[in-house]
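Below is one structure, written out as structure tokens; the observations come after it.
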Amino acid sequence: MNCVWTTDEEYESFCSEIKNADLSRESLEELANQWVNRAVESTASLGHRMNRVKELVNRVLELDFLTPFIDDEEVSEIMVNGTEDLFIEQGTQKIHYQLMVSEQRLNGLIQKMVSSVNRAVNLKEPIVDARLSNGSRVHIVLKPIALNGPIITIRKFKSSICSLASLEVTGSIDAEMRRFLSGLVKSRKSIFVSGSTSSGKTTLLNCLCSEIGRQDRVITIEDSAELNLGGIPNLVSMETRTVRQKDLPPVDTASLIKASLRMRPDRIIVGEIRGQEAHDMLQAMNTGHEGSMSTGHANSAQDMLRRIELMALSSGLTTPEAVCAQIMSGIQYVIHMGRTESGQRKIIEIIQMKNEHSSALVTEPIYNIEGGWYI
């Protein structure tokens, strides 16, 4: 399916006519309508003409051909693979659109996106992460790093505050699982959510946070702000700063975790643990901040624990025995997310740490999607 109609030459022709015009949306739509009536063949349908008008307006004021997908609440992911292919994820399905855009047009769109959030991407720095004004996360990789690039990947997040009840409505969890998860949060259990990319980790973390009491002071720490915890009055949200942001020094997750400890938090929520900051997160979980939560990439719940152990050890500030003890006393539950064959995001397994004096990580199964509950 084709989702682009106007060529670069036609766009330049249109821009030459509106150079000194009032660029309010209403007036721009009128000018675009006039231009389309002159430029498009008379046999073109009304629907085609309207689409051309919308495309011109979106290219001037919005994010070009991506705008309809950005505005569509049902679209959760947008993937542009170079100048020819665009994929969207809608529900559990991926839909393919055939692009017909020039590399110049695609690069222009990329520069428009990153400049609007005070970022830069170029040959020297060909990879960038950014957060768009609507909260969506965008990841860009330019050529020649991406052989079929430029590549744009946009992860959208719902503007509404999600809840465990909403997951029950969509069938991701049932009533029994909702009650169990709600009980974990309200009883201040520290939780790690694991899973692969796009398995639903952040969505579940958001929903778990909706169960946090309004009296708690919550500190959130993320690489790119994705959590929507508007229901928590005493909330402090912090975002890391990468070295790519002009000439400013980076501020990493570990630094923000340390800073959060001086802010009198009741709970610390870290969007994702990726490296040495695991050591700082474990220390936070072991210094009275019960009910803290985080996520991480892993193939299973047990694999998540092993990754936390290795990431903490990579800091060089601790020993295997100390890390094991911190994991055993600081983390109570690991919830692993995944996708079923139909593509639906589901909780695959839940394990609980057994607080025993041991030099190894000791766990017991609580739930498995194939075997059900063990309690």
Side-chain angles (χ1 to χ4, degrees), residues 131 135 137 155 157-164 166-167 181-195 199-241 251-298 301 304-305 307-308 311-312 326-327 330-337 347 350 353:
R131 176 167 47 89
R137 186 181 69 197
R155 173 76 59 84
F157 301 97
K158 293 186 180 296
S159 57
S160 58
I161 299 173
C162 68
S163 64
L164 293 176
S166 66
L167 290 185
L181 296 177
S182 176
L184 292 187
V185 178
K186 290 177 179 176
S187 59
R188 308 189 68 83
K189 303 300 182 184
S190 293
I191 301 168
F192 252 86
V193 180
S194 65
S199 60
K201 300 185 298 298
T202 303
T203 298
L204 179 59
L205 182 61
N206 250 317
C207 294
L208 291 172
C209 288
S210 71
E211 300 293 315
I212 293 175
R214 293 176 60 84
Q215 75 282 357
D216 281 359
R217 178 170 170 81
V218 179
I219 312 291
T220 67
I221 298 167
E222 301 176 82
D223 282 339
S224 294
E226 300 171 3
L227 297 173
N228 183 9
L229 309 186
I232 299 175
N234 197 350
L235 175 68
V236 175
S237 300
M238 296 191 289
E239 188 177 54
T240 61
R241 184 171 68 199
V251 180
D252 60 16
T253 301
S255 299
L256 294 182
I257 292 174
K258 291 173 183 175
S260 72
L261 298 177
R262 300 181 180 91
M263 298 181 182
R264 199 240 166 261
D266 292 308
R267 303 181 192 239
I268 300 172
I269 312 297
V270 179
E272 185 176 338
I273 294 294
R274 290 191 177 95
Q276 298 179 4
E277 68 272 8
H279 174 250
D280 300 284
M281 185 64 183
L282 287 175
Q283 286 192 315
M285 287 178 160
N286 279 279
T287 52
H289 304 97
E290 298 170 334
S292 294
M293 293 180 272
S294 185
T295 76
H297 282 81
M304 185 73 256
L305 292 173
R307 290 203 66 229
I308 293 170
M311 288 187 288
Q326 286 183 320
I327 291 175
I331 301 174
Q332 278 81 55
Y333 290 87
V334 180
I335 303 171
H336 186 70
M337 295 291 296
I347 292 176
I350 303 173
M353 306 304 298

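These numbers come from a predicted model, not from an experiment.
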Does any non-hydrogen side-chain atom of D216 lie less than 4.5 Å from one of I232? no
Indicate the atoms forming the closest heavy-atom contact of I347 with M337, along with that distance. CG1-SD, 3.5 Å
Residue list, salt bridge (Lys or Arg N to Asp or Glu O under 4.0 Å) with R307, at least two apart or on another chain: none
Using the side-chain contact (heavy atoms from CB on, under 4.5 Å) definition, which of the options V236, V270, D266 pairs with I219? V236
If you take all heavy atoms of L164 and S210, which pair is closest and at what distance? N-OG, 4.0 Å
Measure across M293 and C209 and return the closest heavy-atom pair with its distance rounded to 0.1 Å. CE-SG, 4.0 Å
Minimum heavy-atom separation for E277 and I257, please, with both atom names. O-CD1, 3.8 Å
So which atom in C207 and which in S166 form the shortest heavy-atom distance, rounded to 0.1 Å? SG-OG, 4.3 Å
Out of curiosity, M281 CE to S190 OG, how far, rounded to the nearest 0.5 Å? 7.5 Å
Judged by atom type as modelled, is there a donor-acceptor pair below 3.5 Å linking the side chain of R264 to the main-chain atoms of R217? no
Kindly indicate whether the side chain of L184, heavy atoms from C-beta on, has any atom under 4.5 Å from the side chain of Q332. no
Atom CG of D280 and atom NZ of K258: how far apart are they, to the nearest 0.5 Å? 5.0 Å
Would you check, one step at a time, whether the test salt bridge (Lys or Arg N to Asp or Glu O under 4.0 Å) holds for E239 with R131? CA-CA 11 Å; E239 188 177 54; R131 176 167 47 89; 3.0 Å; yes
Step by step, work out the side-chain contact (heavy atoms from CB on, under 4.5 Å) result for L167 and L181. CA-CA 11 Å; L167 290 185; L181 296 177; 5.9 Å; no
Can you tell me how far the CD atom of Q326 sits from the OG1 atom of T287, to the nearest 0.5 Å? 9.5 Å
Could you walk me through whether I268 and I221 pass side-chain contact (heavy atoms from CB on, under 4.5 Å), step by step? CA-CA 8 Å; I268 300 172; I221 298 167; 4.2 Å; yes
Would you tell me whether S255 and D252 have side-chain atoms, one donor and one acceptor, within less than 3.5 Å of each other? yes
Is a donor from one side chain sitting under 3.5 angstrom from an acceptor on the other, for T220 and S237? yes
Residues R137, E222; criterion side-chain contact (heavy atoms from CB on, under 4.5 Å); working and verdict: CA-CA 12 Å; R137 186 181 69 197; E222 301 176 82; over 6 Å; no
salt_bridge(E272, K201) N-O dist < 4.0 Å: no
Separation between NE2 of H279 and CD1 of I273, rounded to the nearest 0.5 Å: 12.0 Å
Residue pair L235 / L229: nearest heavy atoms and the distance that separates them: CD2-O, 3.5 Å
Among R188, E290, H289, which residue meets the side-chain contact (heavy atoms from CB on, under 4.5 Å) test with R267? R188
Output for pair (I335 CD1, L208 CG), nearest 0.5 Å, gives 5.5 Å
Let me confirm one number: the OG-CD1 distance from S294 to I269, rounded to the nearest 0.5 Å. 8.5 Å
